[in-house]
Amino acid sequence: MSKSFYVTTPIYYVNDVPHIGHAYTTIAADVIARFKRLQGNNVFFLTGTDEHGQKIETTAEANGMTPIELADKVVTRFQDLSGLLNITNNDFIRTTEERHKISVAEIFRRVEEAGDIYLSEYEGWYDVRNEAFITETQLEEIMTIPEDKRPIIEKVKEESYFFRLSKYQEPLLEHYKKHPEFVQPGYRLNEVARFVEGGLRDLSISRTTFTWGIPVPGNSDHVIYVWFDALTNYITGVGFPDNEEMFKENWPADVHLVGKDILRFHAVYWPAFLMSAGIELPKTVFAHGWWTVEGEKMSKSIGNVVDPYQVVEEFGADVFRYFLLREIPFGQDGDFSKSAIIARVNGELANGLGNLVSRTLGMIEKYFDGKVPVAGDLNSDDANVRDKAFTMVDIFEREMDEIAFHKALVALWDYIADVNKYVDESAPWTLAKEENQERLGTVLWTIVQAIGVVTILIYPFMPESAEKIWERLGSQDPINSKILSDTKDWGIIQSGQTVEKGQSLFPRFEDS
Ligand code: MSP
């Protein structure tokens with residue numbers, strides 16, 4: 001069996017309910033997964049929750065719960081996100097599951113066997129919010145942040161197991177050099193490489209001051225550092241260590257999607273752990289940017305945290321999905337606002353795509369009794385609509401393979417604009433008046449083929465709308481049975497299919 005395409009999201013902490021940051025990565029991963037399936041790949045798509053660590057223990061305590069009670073309660077909010085946003089993950093992993101404990105113990109054992117773990121004492125600073133050990137230089141930076149915005153830093157001194165991260169400085173730098181695609185976007189690779197060149201100190205990978213974690217094999221006074229535990233989810237999810245067949249089919253991951261704030265853990269620590277354990281490295285770690293909200297940093301204290309459930313209630317899942325991936329280049333920061341969503345809905349979805357579909361299907365109902373007409377000979381304008389489609393599909397595919405969602409969408413919407421222009425210029429309403437049935441049929445047939453191609457391509461981004469359009473086109477096979485090469489079959493929407501104009505696909509919104 002050929003290797004699957006394996007895509008992951010970070011696993012989310014259960015001390016907080018989902019917000020736009022979580023929805024963003026999960027939607028991006030879903031669009032990649034759906035697109036890769038469209039290309040004909042077997043896909044494995046994993047998401048889940050990160051349930052151990054000091055932060056969860058403290059939050060649970062503050063709420064009068066045990067950590068597992070807190071996790072059991074919050075995890076459902078993350079699991080329900082899949083239904084809400086039409087996410088097609090193959091599995092959902094929780095780090096408190098037995099399979100994961102076995103997996104973490106096994107990778108720990110392998111790293112230990114490689115001679116990369118030793119017992120010593122850790123003395124230094126710990127950032128509780130980010131579950132990260134802090135160097136003196138980082139501490140100096142943190143101290144420049146105003147006190148009320150500063151992360152909670154604790155001085156810790158305790159016995160700890162260490163991972164020989166320093167040993168992997170050169171191997172990591174070599175890996176970045178040999179595989180520049182390992183960290184994307186490219187400018188992030190430089191950041192990571194500079195960090196590693198600055199020198200790597202051995203990493204404390206166990207704690208003794210709290211108990212909510214996976215015990216160190218052979219010494220249960222220690223729990224394993226939450227990032228060592230969390231990163232391992234990516235191999236647990238595909239069968240490590242016991243299901244060799246599944247593991248072989250899916251590992252190494254093709255892409256780990258992460259936010260820019262957790263890139264270091266994924267591009268430095270994780271590959272070092274894997275090298276030590278003798279496990280292949282993931283092919284790419286892609287770091288995306290952060291959303292601000294109406295120009296401000298999103299934070300609980302400001303009270304501007306975007307709840308995905310509310311956005312979906314107001315605009316629907318498809319609009320939310322489209323907006324997040326169209327608004328900013330994947331990798332860069334951007335701003336979330338209702339007026340920006342509304343501008344995209346009204347301009348691109350309602351006027352661009354919605355209008356094209358509804359006027360075309362409306363004309364077929366009116367002039368051809370709802371049956372897709374037969375095409376006569378194509379003139380150069382008609383052939384141009386076809387040839388442009390083929391070129392656009394190639395660009396779309398190339399941009400999607402680069403995880404440049406917005407560029408893929410721009411190419412697609414430029415094409416939609418071209419087709420709308422072709423409609424205006426061919427003026428089917430005039431042809432109808434002139435009773436030029438053959439030419440009228442050819443033009444409408446051509447537009448319908450263009451809509452067919454567009455519908456297949458929007459499916460990864462807006463699955464509900466694509467399904468709806470596909471049904472209105474009167475196609476018998478479900479849209480998810482289509483593959484990318486079907487877009488090169490000019491004639492995929494067959495003459496005689498019964499179309500239905502239906503209600504407006506993307507109602508316009510008033511911007512107050
Ligand atoms: N549990 C760790 C990840 C472990 S992966 C082995 C974690 N969890 S988290 O719940 O705090 O964050 C998850 C993701 O949300 C991160 O990728 C982070 O970048 C992302 N975001 C948090 N706020 C965000 C925005 N305002 N905008 C975009 N993404 C943001 O970290």
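Remember, predicted model here, so these are calculated numbers, not experimental data. Counting starts at 1 for both ligands and their atoms, following the listed order.
- Distances below 4.0 Å separate heavy atoms of H266 from the following atoms of ligand 1: 5 (S), 6 (C).
- Under a cut-off of 6.0 angstrom, the local environment of CD in E69 is crowded, with over 12 non-hydrogen atoms contributed by other residues, nucleotides or ligands.
- Assignment of I11 to the shell around ligand 1 is supported, since a heavy atom sits closer than 4.0 Å.
- At the top of the distance list for atom 13 (C) of ligand 1, counting protein heavy atoms only, stands Y12 CD2, 3.5 Å.
- For atom 6 (C) of ligand 1, the nearest protein heavy atom (residue, atom name, distance) is Y234 OH, 3.5 Å.
- Considering backbone and side-chain N/O atoms, N233 never comes within less than 3.5 Å of an N/O atom of ligand 1.
- A parallel orientation is assigned to the rings of Y12 and F78, their planes being inclined by less than 30° (bins at 30° and 60°).
- Ring orientation note: the planes of F247 and F240 are tilted relative to one another, at an angle of 30° to 60°.
- Proximity to G289 (heavy-atom distance under 4.0 Å) selects the following atoms of ligand 1: 28 (C).
- The option from G21, P10, S299 that lies nearest to atom 29 (N) of ligand 1, judged by heavy atoms, is G21.
- Here F265 has no heavy atoms under 4.0 Å from ligand 1, in either its backbone or its side chain.
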Please evaluate residues F265 and W270 with respect to the criterion ring-ring contact (aromatic ring centres under 6.0 Å, His included), reporting the C-alpha separation (whole Å), side-chain torsions for both, the decisive distance (0.1 Å), and the verdict. CA-CA 6 Å; F265 299 98; W270 179 226; over 10 Å; no
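- Nearest protein neighbour of atom 9 (S) of ligand 1, counting heavy atoms only, is Y13 CD1, 3.7 Å.
- For the ligand labelled ligand 1, residue K297 lies outside the 4.0 Å heavy-atom shell.
- With no hydrogens or angles considered, a side-chain donor-acceptor pair links Y161 and N219 at under 3.5 Å.
- Closest to atom 17 (O) of ligand 1, if we only count protein heavy atoms, is G259 N, 3.0 Å.
- Using a 4.0 Å cut-off to heavy atoms of D50, the atoms of ligand 1 that qualify are 1 (N), 2 (C), 4 (C).
- Relative orientation of the F330 and Y24 rings is perpendicular, given thresholds of 30° and 60° on the angle between their planes.
- Looking at atom 19 (O) of ligand 1, its nearest protein heavy atom turns out to be D261 OD1, 2.5 Å.
- For atom 22 (C) of ligand 1, the choice among H19, M298, H22 with the nearest heavy atom turns out to be H19.
- Judged purely by atom type and a 3.5 angstrom limit, N304 uses its side chain to pair as donor or acceptor with the backbone of K297.
- From the protein, the heavy atom lying nearest to atom 26 (N) of ligand 1 is W291 O, 3.1 Å.
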So F286 and H256, ring-ring contact (aromatic ring centres under 6.0 Å, His included) or not? Walk me through it. CA-CA 6 Å; F286 196 112; H256 292 317; over 10 Å; no
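- Crowding of I302 atom CD1: a count of heavy atoms from other residues, nucleotides or ligands under 6.0 Å exceeding 12.
- A cation-pi contact, defined as under 6.0 Å to the ring centre and within 45° of the axis, is absent between K157 and Y122.
- With F45 as the aromatic partner, R34 does not meet the cation-pi criteria of under 6.0 angstrom to the ring centre and within 45 degrees of the ring axis.
- Those atoms of ligand 1 that come under 4.0 Å of a heavy atom in A230, given as number and element, are 6 (C).
- Heavy-atom separations between H288 and ligand 1 include at least one value shorter than 4.0 Å.
- Donor-acceptor pairing under 3.5 Å is recorded for the side chains of S276 and D116.
- Under the 4.0 angstrom criterion for non-hydrogen atoms, W270 is not in contact with ligand 1.
- Counting protein heavy atoms only, atom 16 (C) of ligand 1 is closest to I262 CD1, 3.9 Å.
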